[in-house]
*Asks:* 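Okay, here's the structure, questions in a sec.
Letters A, B, ... are given to chains in the order of the sequence lines, protein chains preceding strands, and every chain is numbered from 1. Quick caveat, the model's predicted, so the values are computed rather than measured.
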Number of protein chains: 2
Amino acid sequence: MTDSATTSSGKRDRLVESAKALIHEQGVHPTTLADIAERAEVPVGNVYYYFKTKDEIVAAVVDEHLQQVRALLARLDSRQTPRTRLKGLARNWADAAPAVAQSGCPLGSLCSELAKRADESPGASAEIFNVLLSWVEAQFRELGRRDAPDLALMLLSGVQGAALLSNTFGDPSVMTRQVRQLDRWIDSLA
Amino acid sequence: MTDSATTSSGKRDRLVESAKALIHEQGVHPTTLADIAERAEVPVGNVYYYFKTKDEIVAAVVDEHLQQVRALLARLDSRQTPRTRLKGLARNWADAAPAVAQSGCPLGSLCSELAKRADESPGASAEIFNVLLSWVEAQFRELGRRDAPDLALMLLSGVQGAALLSNTFGDPSVMTRQVRQLDRWIDSLA
DNA sequence: GTCTATATTTAGATAGAC
DNA sequence: GTCTATCTAAATATAGAC
């Protein structure tokens, strides 16, 4: 019903969810197909019925993240002003602080690992940050800032860098402190 | 001469340098001992004379980074004012933009990967960012800012996040733009 | 100290029964 | 569509000759 394949029920989705969680916790490379299958409660060999290679699972996880980001931004779009929309995004990150301290930003650490691959082109993971960056930029532009691209870069970088430090130190407060600071920074803009 | 072992010449250092470069380019997990040995022009089996495990090589690479950061900060300490010292650090990052766009920040991507490991404690890689953070904080305090810890976090996060985005997009200008912005931000502080 | 050959383990992937 | 059993390849690590 949801996609082209004639798949009956749940297993494919469970595998993607399992892979998503494990990749967040352990990283792409250390996560094995056996790990993924076990957590999804699917026999190992069966994985290959749904995905021809490990790369295909990773691609599905990236796509899942992309859809999730799109859904989040769509929800935020219902808010009245660009400022409240930006603050909603910030709030979202602050809420994720404990998970981020433990395993890093699910998007950031994934992109960090995928960017190292020999692929020439930016790849699908870049699209996630592209979507985020464009959206934030649009909010700043609506706030009347002509330097919207720079401001968007500053905000996203600030969050991603804090996520990395928070994870490195295993300390959620690093993330929350930085988000609070960025929140004030948004307020300070004309 | 340089360390406790009775090692005669070069090989250990070559292995660490090789590992450092490969880990930057490919990441920790994908880099094999065979890769490291080949690049260092040392036979594979011989690696185990210098390092008992792969983890030991990684630890040596982390330590190498730590020493390098300490040396950089020591050089910057010779500058006259805290502001010129901070700008020297920023300049250093801007110069690294091409390499960062290609393979990420050597420190950031390494910490990102190591933080995911099951280890409870922050580990040695956290010490690198600790040193950097403390140093930057000291500069801001010398500038008379009582919010020095927050400012230091903002600066380091801003750089690390930009490095991640720059690498994700494979675009050096993302890094240089952000550093320029942070440079202006430093100027704007009382 | 240096190196070759090899043991061990594990992960990705496939074949084919049901 | 589902699953078991297994092949193949590669990576870490060791034994032991020189």
*Asks:* Using 4.0 Å as the upper bound for N to carboxylate O, is an ion pair formed by B:D187 and B:K87?
*Replies:* yes
*Asks:* Among pairs that include at least one residue of residues 126-144 of chain A, which meet salt bridge (charged side-chain N to carboxylate O under 4.0 Å, His left out), considering only residues two or more places apart or in two chains?
*Replies:* A:R70-A:E127, A:R85-A:E142, A:E137-A:R141
*Asks:* Please check the phosphate of C:dG1 (OP1 and OP2 only) for any side-chain N or O of B:Y50 closer than 4.0 Å.
*Replies:* no
*Asks:* Side-chain heavy atoms nearer than 4.5 Å, only ILVMFWY residues, links allowed to pass through others: does that put A:I23 and A:V44 together?
*Replies:* no
*Asks:* Expressed as a whole number of angstroms, how long is the span from A:Q26:CD to C:dA11:P?
*Replies:* 10 Å
*Asks:* Please give, in whole Å, the distance from D:dT2 C1' to A:R12 CZ?
*Replies:* 17 Å
*Asks:* Along nucleotides 12-18 of chain D, 5' to 3', which nucleotides get a B, which get an S, and which get a -, given that the test is a protein heavy-atom distance under 4.0 Å?
*Replies:* SBB----
*Asks:* Look at B:Y49 and C:dT2 and indicate whether a side-chain polar atom (N or O) is within less than 4.0 Å of OP1 or OP2.
*Replies:* no
*Asks:* Would you mind reading off the distance between A:F51 atom CZ and C:dT14 atom C1', rounded to a whole angstrom?
*Replies:* 18 Å
*Asks:* Under a 4.0 Å N-O cut-off, is there an ion pair linking A:E25 with A:R39?
*Replies:* yes
*Asks:* Scan residues 75-123 of chain B for pairs that pass ring-ring contact (aromatic ring centres under 6.0 Å, His included), counting only residues two or more places apart or in two chains.
*Replies:* none
*Asks:* Between the side chains of A:D119 and A:R117, is the shortest nitrogen-to-carboxylate-oxygen separation below 4.0 Å, so that they form an ion pair?
*Replies:* no
